[in-house]
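Before any comments, here is the structure.
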Amino acid sequence: MPDSPLEASPPGIRYTSAGADLRVSTGSWVRMVLGIGMAIAGVVVLGHYARQALPQAPLPVVTQIKGDLEATERSGQTVKLSALRGKVTVMACLYTVCPHGCAAVVAQMQKLNAAYRTRPDFHLVSLAVAPERDTSGFLKAYAEGVGARPEDPWWFVTGEQQRIWDYMTHELQLQAPAAIPEEKRINPLDLYEHDLRMVLIDRQGRVRGYYAVFHPQAEIATLMTEKLGRDVQRLLDNPAE
């Protein structure tokens with residue numbers, strides 16, 4: 001005679017342990033899973049607040065920019081980079097026909113411009129590696145092509161090549177640009193190799209970090225991109241740092 005509904009086993013989950021068949025009721029199983037989930041969530045939340053509570057190590061001061069650069073901006077106006085004191089600034093070399101990593105650098109500049117274009121204490125500077133080709137008129141067209149509006153806080157500067165190169169190497173302490181031997185060029189316009197790192201400068205004109213957002217290892221490029229974003233926001237949020 002079949003068991004009555006009252007005699008049937010309650011619904012649950014069966015499993016085997018040490019050769020014995022065991023059963024856990026569905027309600028107990030759900031409570032156990034929810035308990036584990038809440039414990040994990042608690043650990044994550046506590047970890048988040050612990051990271052916020054711990055003091056952050058200060059960003060390093062790599063060098064103090066002492067010199068200046070007077071150059072021609074894409075608008076045709078003469079500008080001095082010293083005019084950017086008091087702002088958080090990100091600078092990078094630019095070679096508009098670069099077949100290497102310039103596109104990755106410009107992409108990060110575009111993201112920063114989109115994020116902070118309305119802030120009066122933020123600025124971007126792209127320094128022409130080949131000013132004989134990348135004239136102010138050419139840079140104006142290039143800037144329009146990458147979505148940089150005339151009113152955006154993003155200078156595209158050109159001028160006398162040696163002065164720009166000296167600023168890159170002596171003030172920003174980037175690796176000096178160099179001519180590429182003809183036999184090693186990817187294409188006829190591949191004339192110069194240059195430092196592809198982005199440079200973060202604080203309000204006091206101090207270099208606070210270099211960021212290899214273009215890197216052969218994608219993981220490193222991603223880490224550098226994320227760190228650049230965090231460090232820019234940090235300097236903007238903490239003017240005294």
- Message: Determine whether Leu84 and Ile201 satisfy the following criterion, side chain to side chain contact (heavy atoms under 4.5 Å, CB included), listing intermediate values before the conclusion.
- Response: CA-CA 10 Å; Leu84 300 177; Ile201 302 164; over 6 Å; no
- For the student: nearest non-hydrogen atoms of Val232 and Val90, plus distance: CG2-CG2, 4.0 Å
- Message: Restricting to non-hydrogen atoms, name the atom on Leu196 and the atom on Val105 that form the minimum distance, rounded to 0.1 Å.
- Response: O-CG2, 3.3 Å
- Item | Side-chain heavy atoms of Pro131 within contact of Val157, under 4.5 Å | no
- Item | Residues Val146, Met109; criterion side chain to side chain contact (heavy atoms under 4.5 Å, CB included); working and verdict | CA-CA 10 Å; Val146 299; Met109 300 285 264; over 6 Å; no
- Query: Any idea which heavy atoms bring Val129 and Trp165 closest together, and the distance?
  - Reply: O-NE1, 2.9 Å
- Message: Working note: Val62 + Val199, criterion side chain to side chain contact (heavy atoms under 4.5 Å, CB included); need CA distance, chi angles, decisive distance, verdict.
- Response: CA-CA 10 Å; Val62 181; Val199 186; over 6 Å; no
- Side chain to side chain, Leu124 and Trp155, heavy atoms closer than 4.5 Å: no
- Shortest non-hydrogen separation from Trp154 to Val125 and the atoms involved: CD1-N, 4.3 Å
- Inter-residue atom distance Tyr167.OH - Ile65.CD1, 0.5 Å rounding: 4.0 Å
- Interatomic distance, Ser75 atom OG to Glu151 atom CD [nearest 0.5 angstrom]: 12.5 Å
- Message: With rounding to the nearest 0.5 angstrom, report the CD to CZ distance, Glu144 to Phe156.
- Response: 10.5 Å
- Side-chain heavy atoms of Val88 within contact of Arg203, under 4.5 Å: yes
- Task: Might you confirm whether atom CD of Gln77 has over 12 heavy atoms from other residues, nucleotides or ligands at distances under 6.0 Å?
- Result: no
- Item | For Arg197 against Gln173, the heavy-atom pair lying closest together | NH2-O, 4.0 Å
- Where Asn113 and Gly147 come nearest, the two heavy atoms and their spacing: ND2-O, 4.5 Å
- Query: More than 12 heavy atoms of other residues, nucleotides or ligands under 6.0 Å from NZ of Lys140: is that the case?
  - Reply: no
- Interatomic distance, NZ@Lys66 vs OG@Ser82, rounded to 0.5 Å, equals 16.0 Å
- Task: Step through the shown structure and confirm whether more than 12 heavy atoms of other residues, nucleotides or ligands are within 6.0 Å of CZ on Arg163.
- Result: no
- Message: Can you tell me how far apart CZ (Arg117) and CD (Gln110) are? Round to the nearest 0.5 Å.
- Response: 10.0 Å
Taking distance alone, no hydrogens or angles, what donor-acceptor pairs closer than 3.5 Å link side-chain atoms of residues 216-230 to residues at least two apart or in another chain?
residue : atom : partner : partner atom : Å
Thr222  : OG1  : Ala218  : O            : 3.0
Thr225  : OG1  : Ala221  : O            : 2.8
Lys227  : NZ   : Asp231  : OD2          : 2.9

- Item | Thr89 OG1 to Leu112 CG distance, which is reported to the nearest 0.5 Å | 11.5 Å
- Task: Output yes when a side-chain donor or acceptor of Gln64 lies under 3.5 Å from a complementary backbone atom of Gln204, and no otherwise.
- Result: yes
Considering only distance and modelled atom types, tabulate donor-acceptor pairs under 3.5 Å from the side chains of residues 234-241, sequence neighbours left out.
residue : atom : partner : partner atom : Å
Arg234  : NE   : Glu241  : OE1          : 3.1
Arg234  : NE   : Glu241  : OE2          : 3.0
Arg234  : NH1  : Ala57   : O            : 3.3
Arg234  : NH2  : Ala57   : O            : 2.6
Arg234  : NH2  : Glu241  : OE2          : 2.9
Asp237  : OD1  : Gln233  : NE2          : 2.9
Asp237  : OD2  : Gln233  : NE2          : 3.3
Asn238  : ND2  : Arg234  : O            : 2.9
Glu241  : OE2  : Leu59   : N            : 3.4

- Task: Please state whether the rings of Phe122 and Tyr116 are parallel, tilted or perpendicular, taking 30° and 60° as the class boundaries.
- Result: tilted
- Does any non-hydrogen side-chain atom of Leu81 lie less than 4.5 Å from one of Met91? yes
- Hey, does the Lys NZ or Arg CZ of Arg74 hover above the aromatic six-ring of Tyr142, less than 6.0 Å from the centre and inside 45° of the axis? no
- Task: Mark yes or no for whether Gln161, through its side chain, and Ala130, through its backbone, hold a donor-acceptor pair below 3.5 Å.
- Result: no
- Message: Taking Lys80 first and then Asp68, would you say they form a salt bridge - that is, a charged N and a carboxylate O separated by under 4.0 Å?
- Response: no
- Side chains of Thr96 and Asp134, donor plus acceptor under 3.5 Å: yes
- Mind checking whether Leu127 and Leu69 have side chains closer than 4.5 Å, heavy atoms only? yes
